[in-house]
Amino acid sequence: DAGEIYSRLLDHRPVIQGEIRYFIKEFEEKRGLRELRVLENLKSTIFETNEFVLPKCEQAMHGSLNETFKKLQAANSMIQRVQEREHKARKLHEDKLLAREEKRVSHWEEFMREQRNKQAEVDEEYRKAREHLKEQYSEMEKELAKYVSF
C-alpha cells in the first residue's frame, strides 16, 4: 500500500501527462481552425483575383498598350516627317550656300580682273604722263638752254 500511496501523493506524471495531452489537443484544435480560416480566406482571395481582377487588369493593360502603341506610331511618323523637312531645309540651305559661294567666287574673279585692267590702265596712264612730263621737261630744258646762252 505504501507504493500506491507514494504514487498517488508524489508521482504526478499521469496527471501532468493528461494535462499536457489536453493542452496539446486544445492548442491544435484552435490553431487548426485559425489556419484553416486563413487558408480559406487566401483561397477566396486568389479565386477572386484570378476570376475578376486579372481579366480586368489584362483588358485595361491591352487597351492602354494598344492606345500607347498607336500614339507611339503617330509620334514616330511625325518625327520622321519633321526629320525629312529638316533634311530638305538643310539641303536647300547648303545648296543656297554653295550657289552663293560660287557667285561670290565669280564676282571676286570678275573684281580681280577689273582691278588688273584698271591697274593696267593706270599704269599706262602713268607711263604716258611720265613720258609727257619727260618730253615737257626736255622741251623746257631746251628752251632754258636757249636762254642760258644769252
Side-chain angles (χ1 to χ4, degrees), residues 3-4 6-143:
E4 190 175 316
Y6 170 77
S7 110
R8 282 187 156 214
L9 289 177
L10 297 175
D11 190 11
H12 301 295
R13 277 185 278 169
V15 173
I16 291 176
Q17 284 178 352
E19 286 295 319
I20 289 174
R21 274 189 240 123
Y22 176 75
F23 178 77
I24 290 174
K25 181 180 172 187
E26 285 292 315
F27 180 75
E28 284 180 350
E29 284 179 7
K30 289 180 182 176
R31 182 175 163 212
L33 293 176
R34 185 175 54 218
E35 287 178 354
L36 184 62
R37 274 182 267 141
V38 169
L39 287 175
E40 285 178 6
N41 285 341
L42 283 174
K43 180 182 172 185
S44 67
T45 304
I46 290 171
F47 177 77
E48 184 179 318
T49 303
N50 283 338
E51 293 297 318
F52 302 110
V53 176
L54 279 178
K56 285 181 184 178
C57 287
E58 285 178 2
Q59 199 173 31
M61 182 180 67
H62 285 297
S64 296
L65 285 177
N66 286 335
E67 183 179 330
T68 304
F69 184 69
K70 288 177 184 175
K71 287 180 181 179
L72 284 174
Q73 284 179 328
N76 191 23
S77 65
M78 290 171 75
I79 288 171
Q80 285 177 346
R81 285 193 304 261
V82 167
Q83 284 179 334
E84 287 173 5
R85 275 189 251 145
E86 187 177 296
H87 179 69
K88 287 178 184 176
R90 189 177 295 132
K91 179 75 172 146
L92 182 63
H93 183 68
E94 288 174 1
D95 291 345
K96 285 180 180 180
L97 284 177
L98 284 174
R100 286 182 195 154
E101 180 67 18
E102 290 172 0
K103 190 174 180 181
R104 187 191 63 77
V105 166
S106 67
H107 283 299
W108 180 255
E109 289 172 353
E110 181 65 29
F111 173 76
M112 291 305 290
R113 272 194 300 270
E114 288 176 12
Q115 292 302 311
R116 284 190 293 268
N117 290 339
K118 287 180 182 179
Q119 181 183 4
E121 288 175 12
V122 167
D123 286 346
E124 185 62 28
E125 262 183 61
Y126 173 74
R127 187 187 60 75
K128 285 180 182 178
R130 200 174 87 208
E131 284 179 16
H132 177 68
L133 284 176
K134 267 186 181 180
E135 289 174 11
Q136 189 178 2
Y137 280 119
S138 40
E139 285 178 24
M140 289 172 84
E141 279 182 16
K142 286 179 188 176
E143 277 193 41

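Hydrogens, waters and symmetry mates play no part in the numbers below; they use all other heavy atoms, side chains included. What you see is a predicted model, and the numbers here were worked out from it, not measured in a lab.
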Check: OG1/Thr45 to CG/Asn50 distance, rounded to the nearest 0.5 angstrom?
Finding: 11.0 Å

Note to self: Can you confirm whether Met78 is buried at CE, in the sense that more than 12 heavy atoms of other residues, nucleotides or ligands lie under 6.0 Å from that atom?
What the structure shows: no

Margin query: Rounded at 0.5 Å granularity, tell me how far CG in Leu54 sits from CD in Glu48.
Written below: 11.0 Å

Check: What ring pair (Phe, Tyr, Trp, His ring centres under 6.0 Å) pairs are there with at least one residue in residues 72-122, not counting sequence neighbours?
Finding: Trp108-Phe111

Notebook entry, point to check: If you measure from CD on Gln119 to CE on Met112, what distance do you get to the nearest 0.5 Å?
Noted result: 9.0 Å

Notebook entry, point to check: Is a salt bridge present between Glu131 and Lys128, judged by a nitrogen-to-oxygen distance below 4.0 Å?
Noted result: no

Next item on the list: Start with the C-alpha gap between Arg113 and Glu110, add the side-chain angles, then the distance that decides, and say whether salt bridge (charged side-chain N to carboxylate O under 4.0 Å, His left out) holds.
Entry: CA-CA 5 Å; Arg113 272 194 300 270; Glu110 181 65 29; 2.7 Å; yes

Check: Take atom CD in Gln59; do more than 12 heavy atoms of anything else shown fall under 6.0 Å from it?
Finding: no

Margin query: Quick check: do Gln136 and Leu133 have side-chain heavy atoms less than 4.5 Å from each other?
Written below: yes

Item checked: Close side-chain approach of Leu97 to Glu101, heavy-atom, < 4.5 Å -> no

Item checked: Set of salt bridge (charged side-chain N to carboxylate O under 4.0 Å, His left out) partners for Asp123, sequence neighbours left out -> none

Next item on the list: Show your working on salt bridge (charged side-chain N to carboxylate O under 4.0 Å, His left out) between Glu67 and Lys71 and close with a plain yes or no.
Entry: CA-CA 6 Å; Glu67 183 179 330; Lys71 287 180 181 179; 3.3 Å; yes

Next item on the list: Sequence neighbours left out, what pairs pass ring pair (Phe, Tyr, Trp, His ring centres under 6.0 Å) with at least one residue falling in residues 120-139?
Entry: none

Next item on the list: First locate atom CG of Asp95, then atom NZ of Lys91, and finally report the distance between them rounded to the nearest 0.5 Å.
Entry: 4.5 Å

Check: To the nearest 0.5 Å, what is the distance between CD (Glu121) and CD (Glu114)?
Finding: 10.5 Å

Checklist line | Value rounded to 0.5 Å, distance of CG in Asn76 from CD in Gln83 | finding: 8.5 Å

Item checked: Short side-chain to backbone donor-acceptor contact, Ser44 and Asn41, under 3.5 Å -> yes

Check: Does Glu86 come within less than 4.0 Å of Arg90, counting only side-chain N to carboxylate O?
Finding: yes

